[in-house]
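This report concerns only the one structure given below.
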2 protein chains.
Amino acid sequence: MSLKYAILGVLKLKPHTGYDLKKTIEASVAHFWSADQSQIYRTLALLVTDGLAEVEVIAQDGRPDRRVHRITTTGLTALREWLASPLPPETPHDAFLVRVFFVGELGIPAAAGLLQSRRDEADSALSRLTALVGQERGEPVDLAHALRRATLRNGIRHAEAELAWLDETVAALP
Amino acid sequence: MSLKYAILGVLKLKPHTGYDLKKTIEASVAHFWSADQSQIYRTLALLVTDGLAEVEVIAQDGRPDRRVHRITTTGLTALREWLASPLPPETPHDAFLVRVFFVGELGIPAAAGLLQSRRDEADSALSRLTALVGQERGEPVDLAHALRRATLRNGIRHAEAELAWLDETVAALP
DNA sequence: GTCTTATATATGTATAGTCTTATACAGTCA
DNA sequence: TGACTGTATAAGACTATACATATATAAGAC
């Protein structure tokens, strides 16, 4: 359950409402972690019942109260423990490769089509990430920012690897 | 729910019991799809109630009956439809990158340690995949086999990309 | 004037997957 | 002889996530 820690990590940077969190997540970690709105609210509630976050209710008129969540010292400890704990074993789930593995059944044109649509996706992912990297010029050079930029570079490296693999694979179709 | 189609795809190659499936999956698609034993049996039962597979019970002595599952024509149609359907949007979930994003909190040694343990994993993934590719020499050159080998190449490309990214990232730590 | 977007939270339901435990016998290794 | 591994199936409990829907108002677009 990394969403729990992703949220704790964001709350550590700054207190957030569920609504804010959704936007912050979309603007920062969305390239490697997607989060559903309802899941965010439920996880936030869980953090509060576990004492890892606390809420300040700010009344508004015409809108529901803002429920601003702040990380607690217990929460900070939990975040640090998670960050220092060993990586759990991976359980890969790549639906695209399942298709590649079995799509031979449909013949070459269908296989080529599948690879082409993947190419389109990888292409647009690559330009999205490249644009984001461009926006980060001028940010601080401290460790935290360097690591955040590194996650973007990771996406770029893998998008490039995917494109190279697609070229090689299309070229080698019998 | 790609497991459903992964199983249908395997059943299309040859009828399987749940037990066999677990082993076939481990030996063929495990590098991009992991499947829990209980999940395999449940999915198999679902395929049968949906008419996508049928069972032949083979009595044994000293062991539970073998329940051999075979794909039906309805199942084959469902598999083909899935293979031809558009790729659903991706919802990325990479717990490792969540850590990288927030691990700055713990300082440079912890960040370097995280990256190093990832390096070990990527290294062993790479040698595992390379060994598998070696074993596939001499297989047929038809479309289906080419695509199956391509999934291994995909894993290799991404493992290499991950290693290159790790080097670059470790070198750039402030 | 109506339609869409933004603000803000919350629940119900379905789907997918993991972990754990249960049952039962045969063969192998020490 | 006792422990471990392999063959074979199954269900319960739990975790994580996604999808849909509900509520209520304001602001801006067309």
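A, B, ... follow the sequence lines: proteins, then strands. Residue 1 opens every chain. Treat the numbers as computed from the prediction; the structure is a model and nothing was measured.
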Between A:Arg66 and A:Ser38, just flag the one whose closest nucleotide in DNA chain C comes earlier from the 5' side.
A:Arg66
Nearest to side-chain heavy atoms of B:Gln39, which nucleotide of C:dG17, D:dT9, D:dA16:
C:dG17
It should be established whether B:Lys4 places a side-chain nitrogen or oxygen under 4.0 Å from OP1 or OP2 of nucleotide C:dT15.
no
Interface residues of residues 83-100 of chain B with DNA chain C (non-hydrogen, below 4.0 angstrom)
none
Have a look at B:Arg157 and tell me which of A:Glu168, A:Glu162, A:His158 forms a side-chain hydrogen bond (donor to acceptor under 3.5 Å, both in side chains) with it.
A:Glu168
Could you tell me how far apart B:Tyr5 (OH) and C:dT15 (P) are, to the nearest whole angstrom?
12 Å
In whole Å, I'd like the distance from the CG atom of A:Leu46 to the P atom of D:dT15.
10 Å
NZ of A:Lys22 versus C1' of D:dT17: gap in Å, rounded?
12 Å
Parallel, tilted or perpendicular: which fits the ring planes of A:Phe101 and B:Phe32, with parallel below 30° and perpendicular above 60°?
tilted
With a non-hydrogen cut-off below 4.0 angstrom, is B:Lys23 in contact with a base, only sugar-phosphate, or nothing?
sugar-phosphate
Think B:Arg66 forms a cation-pi with B:Tyr19, using NZ or CZ under 6.0 Å from the six-ring centre and within 45 degrees of its axis?
no
Within the structure, does a side-chain N or O atom of B:Tyr41 lie under 4.0 Å from either OP1 or OP2 of D:dT9?
yes
Separation of B:Asp36 atom CG from D:dT9 atom C1', in whole Å?
14 Å
Taking the side chain as every heavy atom from C-beta outward, state whether A:Leu47 and A:His69 have any atom pair closer than 4.5 Å.
no
A:Ile25 CD1 to D:dA18 P, straight-line distance once rounded to whole Å:
11 Å
Per A:Leu3 side chain, nearest of listed nucleotides D:dA10, D:dT17, C:dA8:
D:dT17
Under 4.0 angstrom between B:Tyr19 side-chain N/O and D:dT9 OP1 or OP2:
no
Watson-Crick or G-U counterpart of D:dC30, or none if no pair lies under 3.5 Å:
C:dG1
Decide whether a cation-pi geometry holds between A:Arg99 and B:Trp82; the criteria are a distance under 6.0 Å from NZ or CZ to the six-membered ring centre and an angle within 45° of the ring axis.
yes
Measuring to OP1 and OP2 of C:dT9, would you say a side-chain N or O of A:Thr17 lies under 4.0 angstrom away?
yes
Between C:dA8, D:dA18, D:dG6, spot the one nearest the side chain of A:Gln60, thanks.
C:dA8
side-chain hydrogen bond (donor to acceptor under 3.5 Å, both in side chains) against B:His16, all qualifying residues, sequence neighbours excluded:
B:Thr24
Heavy-atom distance under 4.5 Å between the side chains of B:Thr151 and A:Asp94, does that happen here?
no
Round to the nearest Å and state the distance from B:Ile40 atom CD1 to D:dA8 atom C1'.
13 Å
State whether B:Arg119 and B:Asp167 are salt-bridged, where the test is any N-O pair (Lys NZ or Arg NE/NH1/NH2 against Asp/Glu carboxylate O) under 4.0 Å.
yes
Is it the case that D:dT9 (base atoms only) and B:Gln37 (side chain only) share a donor and an acceptor within less than 3.5 Å, ignoring hydrogens and angles?
yes
Select from A:Arg42 and A:Asp65 the residue whose nearest nucleotide in DNA chain C is closer to the 5' end of that strand.
A:Asp65
Value in whole Å for how far the C1' atom of D:dA11 lies from CG of B:Leu44
15 Å
